[in-house]
Amino acid sequence: MLSQKIIEKLRENFIHIGAENPKIGTQDLRWEMCEDGYWVAGFYVGELWLAYMLTGDQAFRNQATMRQPFFEHLLNEPALINHDLGFLFSLSSVAEHKLTGDEKAKVLAIRAAEALRAQFQQCGEFIQAWPLTKINTENRNELAAGRMLIDSFENMALLFWAHKQTGVQSFYDVAVAHAKTAVKHLIREDGSTFHTFKFDAATQQPIRGETLQGFSDDSCWSRGQSWAIHGLSQIYRYSGDIAFLEVARKVADYAIAHLTETSLCPWDYDALVDERGVILDSSASAITCAGLAALAELDPENAERYREAANRMLASLTEHCALFDNPEAQGLLDHGAYFVKRGADRAMLPYGDYFYFEAALRLSGKHDLFW
Ligand code: GLY
């Protein structure tokens with residue numbers, strides 16, 4: 001069974017990963033590790049918690065809980081606070097509290113939700129992407145000020161969770177307001193997406209969509225699309241607002257219609273194919289796969305279609321990208337495209353691995369996870 005193979009691979013790699021948090025794979029299939037506060041740090045912990053949920057094995061629990069100080073430290077350092085607190089805390093502290101009842105984990109997750117809510121811009125009604133920095137290297141502040149990212153769809157689950165835990169209405173209101181603004185400006189008429197949207201830094205009036213990590217501003221970067229599919233399914237799950245389900249269907253249908261012949265995501269749905277052929281993104285494929293599986297749980301009308309597409313993607317990831325047969329590999333999937341325009345176009349990525357595991361679980365009937 002796939003989840004069993006994943007669990008065994010995770011167990012084999014404890015020794016190599018130690019107390020650190022994988023960031024991106026090297027060419028020889030080892031991990032480079034996350035620095036303090038890096039947005040990727042929650043995904044490996046999320047895999048450990050999924051493995052503990054399935055097996056009850058204390059080894060996975062210990063590996064996960066020993067990382068709690070890493071996340072606590074992040075909340076104590078203002079320079080490390082940004083819009084990615086949902087990615088970081090849903091899969092660490094929320095998961096820990098859910099599976100073990102640990103009260104400190106709950107307190108940390110609520111503090112993270114408060115810090116995320118504090119980044120809401122009242123006029124533009126969006127959560128600011130990337131912190132503004134005092135050290136204005138290159139055009140960093142000009143780039144960041146008044147900007148919203150498509151990844152932020154995933155970060156809303158932390159706010160909805162905090163609303164459920166505390167009853168404080170503003171968590172819910174900020175999540176819904178940001179999600180509505182993001183849908184309005186990041187989702188195009190045909191169901192494709194922009195990566196980011198720029199507002200005037202002073203007035204917060206909308207300016208334009210841009211696709212910084214994709215092929216071009218008007219193209220559709222597949223990982224951005226995958227964050228929208230998975231994130232919007234969570235937003236619909238929490239809010240019950242049918243408008244979010246409708247837009248989740250639209251972005252999902254766009255992705256399904258643009259997959260490769262092997263049912264995987266090219267790194268950008270509009271990228272020209274060069275002499276190397278199609279550059280895949282296994283991480284976008286795994287996130288899309290988990291997102292379609294999540295959507296199937298919520299949309300009885302289209303469930304069969306979404307589940308069928310997700311099953312095809314999962315099988316193809318296992319056939320074309322999985323590293324189970326390579327004992328040297330410290331991760332699960334090859335062919336992740338972190339940032340193609342910077343040359344980071346083929347590597348293991350912890351978010352690819354986490355969502356591959358999540359997709360396998362969702363498609364085998366386990367729906368109650370951590371988001
Ligand atoms: N959150 C940045 C990325 O998806 O690469």
Side-chain angles (χ1 to χ4, degrees), residues 21-25 31-32 34-35 37-46 74 80-92 112 116 119 126-131 140 143-144 147-158 178 182 186-187 192-198 209-217 219-232 234 251 255 264-269 271 279-291 331 333 335-356 358 371:
N21 299 296
K23 174 180 180 179
I24 187 166
W31 289 116
E32 240 175 67
C34 288
E35 54 271 22
Y38 193 63
W39 71 277
V40 173
F43 295 106
Y44 176 67
V45 193
L74 190 170
L80 300 180
I81 301 291
N82 62 39
H83 66 285
D84 279 329
L85 291 166
F87 279 131
L88 287 158
F89 282 85
S90 288
L91 299 179
S92 58
L116 181 60
Q119 294 166 70
F126 64 94
I127 288 177
Q128 164 71 41
W130 300 321
R140 177 77 194 182
L143 181 82
R147 192 175 293 277
M148 168 175 72
L149 294 187
I150 195 156
D151 327 20
S152 62
F153 281 123
E154 291 284 43
N155 288 306
M156 296 307 102
L158 179 67
H178 172 85
L186 291 169
I187 315 277
S192 68
T193 50
F194 290 109
H195 170 204
T196 81
F197 194 87
K198 185 80 175 121
E210 294 175 351
T211 303
L212 309 175
Q213 254 170 281
F215 178 68
S216 68
D217 280 342
S219 73
C220 182
W221 175 51
S222 66
R223 195 162 57 253
Q225 190 82 10
S226 72
W227 294 135
I229 298 166
H230 190 277
L232 281 161
Q234 309 307 331
V251 289
L264 295 174
C265 301
W267 75 280
D268 185 300
Y269 291 117
I279 298 175
L280 295 175
D281 184 2
S282 58
S283 73
S285 308
I287 302 159
T288 300
C289 179
L333 296 179
H335 294 283
Y338 168 54
F339 203 140
V340 171
K341 285 193 292 197
R342 288 189 190 158
D345 59 11
R346 180 176 169 180
M348 302 184 301
L349 295 171
Y351 26 108
D353 285 9
Y354 168 80
F355 282 97
Y356 180 54
E358 180 179 311
W371 299 98

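Counting starts at 1 for both ligands and their atoms, following the listed order.
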**Q** Examine distances only and state if a side-chain atom of His195 and a backbone atom of Leu212 form a donor-acceptor pair shorter than 3.5 Å.
**A** yes
**Q** Parallel, tilted or perpendicular: which one describes the rings of Tyr354 and Trp371, with boundaries at 30° and 60°?
**A** perpendicular
**Q** Has Thr288 got a side-chain atom pairing as donor or acceptor with Ser226's backbone, closer than 3.5 angstrom?
**A** no
**Q** I'd like the residue list for ligand 1, meaning every protein residue with a non-hydrogen atom under 4.0 Å from the ligand.
**A** Trp39, Asp151, Gln213, Trp221, Arg223, Trp227, Tyr338
**Q** The criterion is side chain to side chain contact (heavy atoms under 4.5 Å, CB included); which residues satisfy it with Ala129, sequence neighbours excluded?
**A** His83, Leu149
**Q** Name all residues meeting the ring-ring contact (aromatic ring centres under 6.0 Å, His included) criterion together with Tyr44; count only those two or more places apart in sequence or in a different chain, and write none if there are none.
**A** none
**Q** Name all residues meeting the side chain to side chain contact (heavy atoms under 4.5 Å, CB included) criterion together with Ser92; count only those two or more places apart in sequence or in a different chain, and write none if there are none.
**A** Val45, Phe71, Phe89
